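Side chains included, hydrogens not; waters and symmetry mates left out as well; all remaining heavy atoms used. Chain letters run A, B, ... following the sequence lines, proteins first, then strands; residues in each count from 1. Since the model is a prediction, treat every value here as computed from it, not as a measurement.
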Amino acid sequence: MASLSLQAGGSSSRALPSESTVSAMSGTERTTRPITTGTSVLGIKYRNGVMLAADTLVSYGSLAKYKNAKRLLSINSRTLVGGSGEYSDLQSISDLLRANALADRCTADSLYEEDNNEECAKEVWSYLRAVMYQRRNKMNPLWNDVVVAGFSQNPDGTTSDKPFLGIVDKIGTAYEDDILATGFGGYIALPLMREKYRPDMEEGEARALLEDCLRILFYRDCRALNRVQIAKVTEDGVLVSDPYELDTYWDFKGYQSNKGEMGTDGGW
Amino acid sequence: MASSGSGYDLSSATFSPDGRIFQVEYAAKAVENAGTALGLKCRDGVVMAVEKPLQNKMLVAKTTGRRIHTVDEHSGVAITGFVSDGRQIINRAREEASNYEETYGTKIPPKTLAQRLSTYVHYFTLHGALRPFGASTLVASYDPATKSHSLHMVEPSGISYEYYGAAAGRGRQPARTEMEKLAINPKHNEGEAELITCEEGVKQLAKIIYTLYDESKDKPFELEMSWLCEGSGWKHAGVPRDTIAAAVEWAKQQIEDESDDEDEEMEE
């Protein structure tokens with residue numbers, strides 16, 4: 001590349017592999033399976049906000065590899081995102097959404113924050129849907145199911161006080177609901193949440209329900225962990241908890257007794 | 001024009017026999033007639049102020065034709081000259097900032113941002129097919145890594161320096177003289193303690209703008225001010241409107257008092 005260049009990055013442009021090296025190969029390899037993965041993310045609307053929950057495990061196949069990986073992310077002051085699936089893809093989604101949020105703030109109409117409208121959760125969700133669907137149509141999906149939590153928008157563009165909870169999956173399917181769960185949580189947690197959910201739940205009730213679900217997921221999902229994070233969006237903004245450990249109870253008879261007289265260590 | 005250029009001013013790719021590039025000088029001239037832009041490095045941050053002349057009584061000045069823009073969380077630029085040229089520089093600055101962060105994972109250091117901008121602006125003085133930018137750019141930026149703040153100015157020639165106090169546009173000469181009187185350069189004042197605060201800086205810049213303004217001769221204007229300081233969490237933000245209003249009131253009072261003093265001296 002010529003030393004004089006209009007490319008961003010100054011005159012000494014970083015050496016990037018040219019297109020030709022890629023096309024010279026006989027084919028390209030796509031992501032056909034995830035490598036480092038996070039498991040379920042749970043989401044629930046409650047009386048004056050939305051809450052997300054996920055554990056902090058990232059697995060490498062069946063190996064519990066990273067035990068303090070954060071999968072709940074704040075995108076702006078009123079929007080949360082939680083992702084399961086390929087962790088590197090989730091990081092890339094986070095970078096993308098945060099870069100967009102920063103660009104929004106920089107290119108806003110006014111120098112004064114209070115005059116400007118932030119992108120609301122519903123917009124973030126809708127945008128993410130477009131990204132995921134496009135990637136899937138290029139046969140190169142971002143391998144994540146992503147839950148977006150926050151608020152929807154008023155007709156005048158300001159963020160409304162109506163809680164929003166939506167999901168986008170790796171092929172661009174998107175829908176909203178009052179309770180959501182990705183991955184194994186869709187089978188284990190969602191039925192429990194359906195049973196207990198009320199639209200007027202208090203924050204404490206919502207949190208207790210999510211913690212119960214995470215605990216049960218830890219018991220039943222081999223890719224889950226009892227180290228978890230909870231995050232909420234309310235009108236006061238977003239709050240993502242530090243990772244903490246759930247208490248577990250293993251003294252059930254079924255866990256202790258020898259099954260089938262196999263002379264093993266008590267497993268099934 | 002024959003006297004100034006004599007055919008050597010048709011392209012910025014051509015030197016005149018006495019070693020000048022007239023197109024670049026003309027670009028600088030374009031800035032010299034535009035609204036005054038000031039930047040001041042203070043003890044706890046940087047303040048910028050731009051005089052935005054109102055070309056038409058019917059325009060909505062508060063929300064259009066802005067001169068100060070945010071580039072990144074911790075960086076802002078003020079432009080004067082051809083504002084549309086300046087906007088190109090702003091876009092480039094945003095691109096450089098996000099590009100740097102994407103590559104290195106840290107915020108772009110102020111010096112690097114200024115250097116990259118000056119490389120960009122300079123590029124337009126090299127080609128016969130391009131026209132140099134008719135805009136000067138003040139760059140106020142904070143480096144979270146070194147916890148230091150700085151002020152740079154990039155001129156149409158592509159030259160860029162760091163400043164304690166920088167001025168561009170119509171009133172730059174008297175403004176520089178005024179700024180030199182303020183305690184802004186620690187090298188002249190034995191240490192940082194002598195530097196004025198941003199709050200004081202806002203008042204002083206407002207005073208300079210209003211001292212240079214001649215109501216009978218000059219067009220009405222809107223005063224745009226931004227800062228980047230401890231008080232704003234080191235974020236580039238507009239100086240609160242009531243703070244500007246208070247500063248302007250103070251400035252006008254000062255100017256009036258000073259002219260009264262002069263009158264009295266004359267009488268004696």
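Around the OH atom of Tyr60(A), the shell of radius 6.0 Å holds no more than 12 heavy atoms that belong to other residues, nucleotides or ligands. Residue Tyr66(A) places its OH atom among 12 or fewer non-hydrogen atoms of other residues, nucleotides or ligands, all under 6.0 Å distant. A 6.0 Å sphere centred on CZ of Phe82(B) holds no more than 12 heavy atoms belonging to other residues, nucleotides or ligands.
For Asp72(B), the parts lying under 4.5 angstrom from a heavy atom of chain A are both the backbone and the side chain. At a 4.5 Å heavy-atom cutoff, the contact between His236(B) and chain A is made by side-chain atoms alone. Proximity to chain A (any heavy atom under 4.5 Å) is restricted, for Glu101(B), to the side chain, taken from C-beta onward.
Below 4.5 Å, heavy atoms of chain B meet heavy atoms from Ala108(A), Asp109(A), Ser110(A), Leu111(A), Tyr112(A), Asp115(A), all part of residues 108-139 of chain A. Against chain B, the residues from residues 72-105 of chain A that qualify, each with a non-hydrogen atom under 4.5 angstrom away, are Leu102(A), Arg105(A) in number order.
Among Ile68(B), Ile90(B), Thr112(B), the residue with the largest count of heavy-atom pairs under 4.5 Å with chain A is Ile68(B).
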